[in-house]
Amino acid sequence: MRILGVCGSLRSGSFNATVLRTAVELTTAPRELVVWPDLGRLPFFDADVEESGPPAVVADLRAAVGAADGMLVVSPEYAHGTSGVLKNALEWMVGGGEIAAKPVALVSASTAVTGGDNARAWLSQTLTVMGAQVIPQDLRIPQAARKITDGRITDEETVAGLRGLLDDLADAAAKARADGNSFA
Ligand SMILES: Cc1cc2nc3c(=O)[nH]c(=O)nc-3n(C[C@H](O)[C@H](O)[C@H](O)COP(=O)(O)O)c2cc1C
């Protein structure tokens with residue numbers, strides 16, 4: 001059972017990156033959570049570049065999505081939506097098509113009380129249009145600065161929520177695999 005994790009924040013002290021790192025720590029065999037490091041390595045999507053053959057880094061991302069049974073997408077909220085780097089990554093994923101029918105779980109951590117609700121709503125709509133199976137369970141982490149300190153989630157309720165979401169995603173991925181939806 002392989003889950004691919006991506007984080008939409010490039011910030012060194014990112015709360016969302018801490019959440020993804022914690023998700024890796026909470027994942028034990030036979031499950032595996034592999035993080036695709038640094039979405040900032042991707043060039044801006046350009047349909048001309050795509051047509052003439054996507055760069056190796058894009059092929060690498062598409063292969064990682066293709067090899068996964070499901071995805072954990074962790075996003076900050078910037079200007080009422082997801083981050084530019086995450087949207088850019090999704091644009092590159094459209095052409096590959098590997099995300100079709102893959103279960104995807106969404107997490108957002110924000111310093112605001114709204115917890116990144118707009119970012120998750122945007123991601124849910126876009127990923128659904130791309131053919132992904134966004135699972136109904138998600139995790140919102142409002143006032144993240146009070147719950148994440150020195151690169152650790154210090155709020156037990158948030159850790160429990162993350163653990164539960166990983167279980168829900170693994171269940172959905174197992175079902176998708178049994179139904180023959182995943183080619184991993
Ligand atoms: C340019 C900018 C725009 C932001 N816009 C929003 C927003 O629309 N909604 C929100 O909840 N938080 C917003 N924030 C706050 C971020 O959620 C907060 O900085 C968060 O910690 C970013 O995630 P990270 O810690 O993973 O980098 C914004 C922050 C910045 C720097």
Side-chain angles (χ1 to χ4, degrees), residues 2-27 31-45 57-58 60-61 64-65 68 70-93 99 102-130 132 134-170:
R2 174 185 283 231
I3 302 295
L4 179 70
V6 293
C7 176
S9 174
L10 303 181
R11 200 169 69 85
S12 57
S14 164
F15 296 126
N16 287 281
T18 297
V19 173
L20 184 53
R21 210 168 42 245
T22 306
V24 171
E25 289 164 11
L26 293 174
T27 303
R31 296 180 192 165
E32 190 185 11
L33 175 50
V34 179
V35 173
W36 201 81
D38 190 3
L39 291 178
R41 290 184 294 141
L42 293 167
F44 283 129
F45 177 76
V57 67
V58 171
D60 184 73
L61 174 65
V65 175
M71 283 187 71
L72 181 68
V73 174
V74 185
S75 177
E77 180 169 314
Y78 290 148
H80 234 250
T82 191
S83 64
V85 285
L86 191 44
K87 181 170 193 304
N88 185 51
L90 295 186
E91 287 171 9
W92 281 116
M93 285 179 209
I99 204 165
K102 298 253 159 129
V104 177
L106 301 176
V107 180
S108 61
S110 166
T111 48
V113 290
T114 45
D117 291 345
N118 298 303
R120 290 195 327 286
W122 185 94
L123 283 163
S124 178
Q125 193 175 3
T126 299
L127 284 159
T128 300
V129 167
M130 289 168 65
V134 179
I135 68 170
Q137 303 89 345
D138 63 4
L139 180 64
R140 70 197 292 274
I141 306 174
Q143 299 182 298
R146 296 185 183 181
K147 296 166 184 165
I148 299 171
T149 313
D150 295 332
R152 265 190 66 237
I153 303 179
T154 47
D155 179 59
E156 285 310 313
E157 205 178 310
T158 301
V159 175
L162 183 58
R163 198 188 297 275
L165 186 68
L166 291 169
D167 287 344
D168 292 333
L169 178 57

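Whatever order the structure lists ligands and atoms in, that order sets their numbers, starting from 1. Owing to the predicted nature of the structure, the values given are computational and were not obtained by experimental measurement.
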Residue E32 excluded, over 12 heavy atoms near CD under 6.0 Å: yes
R146 atom CZ, neighbour heavy-atom count above 12 within 6.0 Å: no
Residues in contact with ligand 1, criterion: heavy atom under 4.0 Å: S9, R11, S14, F15, N16, P76, E77, Y78, A79, H80, S110, T111, A112, T114
pair W36-L42: side-chain heavy atoms closer than 4.5 Å: yes
Heavy-atom neighbours of R163 CZ exceed 12 at 6.0 Å: no
T114 OG1 to R120 CZ distance, which is reported to the nearest 0.5 Å: 9.5 Å
Pair R21 + E25: basic N to acidic O under 4.0 Å: no
